[in-house]
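One structure below.
Just so we're clear, the structure is a prediction, and the values are computed from it rather than from any experiment. When a ligand or atom number is given, it counts from 1 through the structure's own listing order.
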Amino acid sequence: MHSTLEDVKLEGMEIKILPALQDNYMYLIVDTKTREAAIVDPVEPELVIKTVEEEKVTLNKVLTTHHHWDHAGGNEKLVKLWPKELEVYGGDDRIGALNRKVQQDDSLTIGNLKVRCLSTPCHTTGHICYHVTTADGTGEGAVFTGDTLFQGGCGRFFEGTPEEMYEALCTKLSALPDNTKVFCGHEYTLQNMSFARHVEPDNEVIQQRIEWAKHRRASQDPTVPSTIAEEKTWNPFMRVHEAAVQKHAGGATDPISVMGTLRKEKDTFKA
Ligand code: GBP
Ligand code: ZN
């Protein structure tokens, strides 16, 4: 395993961080009141089942961020192994075992928790992020961003455009409350932050997060979650309006063209 299992307790919910494959994360979301649970991107069904049994929670939902095998590749097997009915959510017909196709602003519940779907096409056309809050909206809330928003970075634009990633990061995800916890699909923080430092060498917040992340990774601790407010301070792809980032992108002031320039450079950047 690439990381230790960690448990993040938020108001009304508990998030179990489950490492998978080389650098993927699966997340078990538990409603504290009812012990109902949903699993995000269960690529390693055996670890999911073991955790669900240990925690004595009721698993009945799968939230899939996108169809790539390292996220959706465990869906069929989990559905086969699990004795009870599973609702499998996602925004793309290429997702295995999908039986609840969702789009922008669709909602669902996990016990008393509310989940709102955000359509964020670009990494893949059917990518969905899931925003989870308590019923009355108190507490910090959590967003599961798959391969759209990473800590300090974003996913490659396999099936979309800079306009679409701008809409995803700078319109939809930026509009979530500042204290929303961000749980992303991969442990890429050190690589991403090294690119962020290259873009903004004078941004001290980036240097501090690198030092922190190095310590965490030295003991195999996950660097997730961050928050939406933090991402706005260090993630170059959420900072395309900033003068320093625009300067790095050759002086362009159109945020969408800055987005395109940054992504092209990151595609071949060696940390
Ligand atoms: C790194 O940054 O550590 N190893 C490198 C990048 C997501 S996985 C590896 C990479 O390209 N990862 C993808 C990405 O978007 N990275 C962001 C970045 O490089 O800035 N995947 O597994 C990837 O989506 C995949 C699976 C891709 C099926 C295509 C298909 Br089809
Ligand atoms: Zn992907």
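- Between Glu242 and Lys247, none of the side-chain N atoms (NZ, or NE/NH1/NH2) sits under 4.0 Å from a carboxylate O, so this pair counts as no salt bridge.
- Classified by interplanar angle (parallel below 30°, tilted 30° to 60°, perpendicular above 60°), the ring pair Tyr27/Phe183 is perpendicular.
- Judged by the shortest distance from any of its heavy atoms, His123 lies inside the 4.0 Å radius around the atoms of ligand 1.
- Numbered from 1 in the order shown, with element, the atoms of ligand 1 that lie under 4.0 Å from a heavy atom of His186 read 7 (C), 8 (S).
- Annotation for ligand 1: atoms under 4.0 Å from non-hydrogen atoms of Phe158 are 24 (O), 27 (C).
- Ring geometry for His127 versus His66: interplanar angle under 30°, hence parallel rather than tilted (30 to 60°).
- Shown are Arg263, Glu164, Lys264; of these, the side chain to side chain contact (heavy atoms under 4.5 Å, CB included) with Phe157 is made only by Arg263.
- Look at Phe195 and you'll find every heavy atom at least 4.0 Å from all atoms of ligand 1.
- Aromatic pair His186/Tyr25: centroids not less than 6.0 angstrom apart.
- Ranking protein heavy atoms by distance to atom 17 (C) of ligand 1, first place goes to Cys154 O, 3.4 Å.
- Atoms of ligand 1 found under 4.0 Å from any heavy atom of Gly155 (numbered from 1 in listed order, with element): 15 (O).
- Among the heteroatoms counted here (N, O or S) of Asp147, OD2 is the one nearest to the Zn ion (ligand 2).
- Within the 4.0 angstrom cut-off, atom 1 (C) of ligand 1 has one or more protein heavy-atom neighbours.
- Taking atom 21 (N) of ligand 1 as the reference point, the nearest protein heavy-atom neighbour is Asp70 OD1, 3.8 Å.
- Without hydrogens or angle criteria, Glu87 side chain to Val62 main chain gives no donor-acceptor distance under 3.5 Å.
- Listed by atom number, the atoms of ligand 1 under 4.0 Å from Lys266 heavy atoms are 18 (C), 19 (O), 20 (O).
- Salt-bridge formation is not detected for the pair Glu44/Lys77: no Lys NZ or Arg NE/NH1/NH2 atom is positioned less than 4.0 Å from an Asp or Glu carboxylate oxygen.
- Within the listing of ligand 1, atoms 7 (C), 8 (S), 24 (O) sit less than 4.0 angstrom from a heavy atom of Asp147.
- Residue His66 counts as close to the Zn ion (ligand 2), with an N, O or S atom under 2.8 Å.
- Salt bridge Glu54/Lys50: present, at least one basic N to carboxylate O contact under 4.0 Å.
- Judged by distance alone, with hydrogens and angles left aside, the side-chain atoms of His215 form a donor-acceptor pair with the main-chain N or O of Glu211 at under 3.5 Å.
- Note: the hydrophobic cluster containing Phe144 also contains Tyr89 (ILVMFWY, side chain heavy atoms under 4.5 Å, direct or indirect links).
- The closest protein non-hydrogen atom to atom 13 (C) of ligand 1 is Tyr188 OH, 3.7 Å.
- Asp178 and Lys232 are joined by a salt bridge, as a carboxylate oxygen and a charged side-chain nitrogen come within less than 4.0 angstrom of each other.
- In terms of protein heavy-atom proximity, atom 28 (C) of ligand 1 is nearest to His68 CD2, 3.3 Å.
- Of all atoms in ligand 1, numbered sequentially from 1 with element shown, those under 4.0 Å from a heavy atom of Phe150 are 17 (C).
- Annotation: His123 is in aromatic contact with His68 [ring centroid separation under 6.0 Å].
- Take the N/O/S atoms of His68: the one nearest the Zn ion (ligand 2) is ND1.
- Closest to atom 11 (O) of ligand 1, if we only count protein heavy atoms, is Arg156 NE, 2.6 Å.
- The option with the heavy atom closest to atom 20 (O) of ligand 1, from among Gln191, Arg263, His67, is Arg263.
- In terms of polar-atom proximity, Asn192 is not counted as a contact of ligand 1, lacking any N or O under 3.5 Å from an N or O of the ligand.
- Annotation: Trp69 places no N or O atom under 3.5 Å from an N or O atom of ligand 1; distance criterion only.
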